[in-house]
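Taking it in order: structure first as structure tokens, then the write-up.
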There are 2 protein chains.
Amino acid sequence: MTTINEIPEEELKKSREIFKEFIIKKKLRVTNQRLAIFEAAFNQVEHFTADDLLEKSRKIDRTISRATVYRTLPILTESSLLKEIDIGKDFKYYLLNYNQKTEHAQVICLDCDKIHELDAPFMEWYADSIAQKLGLIPESQRLQVSARCQKLSEQGQCPNLDKRAV
Amino acid sequence: MTTINEIPEEELKKSREIFKEFIIKKKLRVTNQRLAIFEAAFNQVEHFTADDLLEKSRKIDRTISRATVYRTLPILTESSLLKEIDIGKDFKYYLLNYNQKTEHAQVICLDCDKIHELDAPFMEWYADSIAQKLGLIPESQRLQVSARCQKLSEQGQCPNLDKRAV
DNA sequence: GTGCTTGCAAAGACTTTGCAAACTT
DNA sequence: AAGTTTGCAAAGTCTTTGCAAGCAC
């Protein structure tokens with residue numbers, strides 16, 4: 001079982017290009033702050049919050065403000081580089097979306113807070129069946145499973161927690 | 001196609017009893033405010049927000065404060081009379097749960113904001129299959145489908161919007 | 001009478017916004 | 001040079017909490 005802790009170099013380059021081109025296409029400006037926030041976001045593969053991103057960005061550029069992070073996040077999500085997810089807490093999580101996969105299921109470990117993104121093809125079928133029953137046209141669907149770590153309850157330790165450097 | 005706009009009288013009585021007994025069991029007190037908030041919540045079957053509930057409660061008892069509504073909502077959810085749901089907006093919705101069904105899917109109409117609660121038995125199976133793959137123990141699951149009203153896009157009007165008295 | 005509850009207002013948590021200075025193009 | 005972007009601080013939104021007066025038991 002291999003865990004990837006870093007986005008591959010070529011994916012990073014590609015994403016950086018997508019980001020810059022998106023900014024230019026929107027007639028916005030490629031600023032140092034925006035680039036630094038991009039680098040901070042793509043520095044690793046775990047999910048993060050706006051606050052995490054601020055902290056990570058500041059390690060690259062000490063002057064970055066919270067406001068700029070909040071103003072840059074929509075650019076990153078609109079360009080499909082990040083996926084925003086709301087698991088019912090009062091802040092949002094952000095996930096890298098560099099593989100551009102459309103995975104519609106999230107499994108959230110209540111013990112270590114890790115968010116596993118999974119493919120759940122049956123949800124397309126389910127959405128279609130709903131369409132017929134309710135006279136609605138499905139636009140998006142998301143399955144969220146909250147779970148506990150089995151190893152934690154059996155052995156008293158969660159392997160994901162152990163892996164965390166922080 | 002029949003739409004129920006009111007909870008049946010006997011269900012209402014039963015729920016009121018559950019509410020009172022829950023309060024007593026918890027060694028809390030049956031106050032006029034709590035009763036008024038209960039009546040406001042069970043006045044109809046649509047979903048509502050904390051703010052809606054405050055407004056409806058005040059029609060019964062003018063003195064009820066926002067704080068009391070927020071302090072009463074946990075009593076109603078803990079006693080399983082209401083279900084709290086978070087669809088990613090910055091406030092929560094509450095739904096009557098008098099039938100005590102465990103429906104795990106919500107279909108949210110982006111046009112009229114109506115929330116349809118549906119049964120989705122396959123989710124149990126899905127959660128179990130995840131358990132094996134990830135070494136997790138599923139605790140709860142929720143499927144959320146966002147959709148558009150077909151009639152609205154075809155005929156320019158949403159039947160649910162029409163039904164709304166407000 | 002005891003001690004839970006209430007309303008009020010202030011505080012909290014996260015996010016957004018107004019504004020003048022700074023920067024990209 | 002023109003107009004976007006930034007940092008700062010204040011404002012916003014929903015929810016929670018401290019406190020003294022009031023109410024349930």
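Chain naming here is simple, since letters A, B, ... match the order of the sequence lines and numbering starts at 1 in each.
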What nitrogen or oxygen pairs link the protein and nucleotides 14-17 of chain C at under 3.5 Å?
| residue | atom | partner | partner atom | Å |
| --- | --- | --- | --- | --- |
| C/dC14 | O3' | A/Asp90 | O | 3.4 |
| C/dT15 | OP1 | A/Lys92 | N | 3.4 |
| C/dT15 | OP2 | A/Tyr70 | OH | 2.2 |
| C/dT15 | O5' | A/Tyr70 | OH | 3.3 |

[X] [atom1] - [N] [atom2] separation (whole Å):
| X | N | atom1 | atom2 | value |
| --- | --- | --- | --- | --- |
| A/Leu54 | D/dC8 | CG | C1' | 13 Å |
| B/Leu73 | D/dC14 | CG | C1' | 12 Å |
| B/Ile87 | D/dC14 | CD1 | P | 13 Å |
| B/Phe38 | C/dT5 | CZ | P | 18 Å |
| A/Leu35 | C/dT24 | CG | P | 10 Å |
| B/Asp86 | D/dC14 | CG | C1' | 12 Å |
| B/Arg34 | C/dC4 | CZ | P | 11 Å |
| B/Leu53 | D/dC14 | CG | P | 15 Å |

Please name the residue in the list B/Thr77, B/Thr49, B/Leu76 that meets the side chain to side chain contact (heavy atoms under 4.5 Å, CB included) test with B/Tyr94.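 Result for side chain to side chain contact (heavy atoms under 4.5 Å, CB included) with B/Tyr94: B/Thr77.
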
Do you know the tightest heavy-atom contact between B/Ser80 and B/Asn97?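 That would be O-ND2, 3.2 Å.
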
Please find the pair of heavy atoms, one from A/Ile130 and one from B/Val107, that lie closest to each other, and give the distance.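 Result for this residue pair: CD1-CG2, 3.6 Å.
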
Do the side-chain N or O atoms of [X] get closer than 4.0 angstrom to the phosphate oxygens (OP1, OP2) of [N]?
| X | N | answer |
| --- | --- | --- |
| B/Thr63 | C/dG7 | yes |
| A/Gln33 | C/dT24 | no |
| B/Asn32 | C/dT6 | no |

Give A/Thr49 one of three labels, base, sugar-phosphate or nothing, depending on what nucleic acid heavy atoms sit under 4.0 Å from its own.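 Nothing, no nucleic acid heavy atom in range.
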
Does atom CD of B/Glu139 have more than 12 heavy-atom neighbours from other groups under 6.0 Å away?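 Yes, because the 6.0 Å sphere around CD of B/Glu139 holds more than 12 heavy atoms from other groups.
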
Residue of the set A/Gln144, A/Lys83, A/Arg142 for which side chain to side chain donor-acceptor pair (under 3.5 Å) holds with A/Gln106: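 Among A/Gln144, A/Lys83, A/Arg142, the one meeting side chain to side chain donor-acceptor pair (under 3.5 Å) with A/Gln106 is A/Arg142.
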
For the helix from C/dG1-D/dC25 to C/dT25-D/dA1, what angle separates the axis at the start from the axis at the finish, each from five pairs, in steps of 10°?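 End axes: 30° apart.
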
Of the options C/dC8, C/dT5, C/dT24, whose atoms approach the side-chain atoms of A/Thr31 most closely?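 The nucleotide sitting nearest to the side chain is C/dT24.
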
Please test B/Glu46 against B/Lys114 for salt bridge (Lys or Arg N to Asp or Glu O under 4.0 Å), starting from the C-alpha separation and ending with a verdict. CA-CA 8 Å; B/Glu46 289 295 326; B/Lys114 186 170 172 64; 3.3 Å; yes

So, taking the atom named CG in A/Leu12 and the one named CD in A/Glu17, what distance separates them when rounded to the nearest 0.5 Å?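 Nearest 0.5 Å value for the CG-CD distance: 10.5 Å.
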
Aromatic plane relationship, B/Phe19 with B/Phe38 - under 30° parallel, 30 to 60° tilted, over 60° perpendicular: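 Taking B/Phe19 first and then B/Phe38, their aromatic rings lie parallel (interplane angle under 30°).
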
Evaluate the ring planes of B/Trp125 and A/Phe122, with Trp represented by its six-membered ring, and classify them as parallel (under 30°), tilted (30 to 60°) or perpendicular (over 60°).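 Perpendicular: the ring planes of B/Trp125 and A/Phe122 meet at over 60°.
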
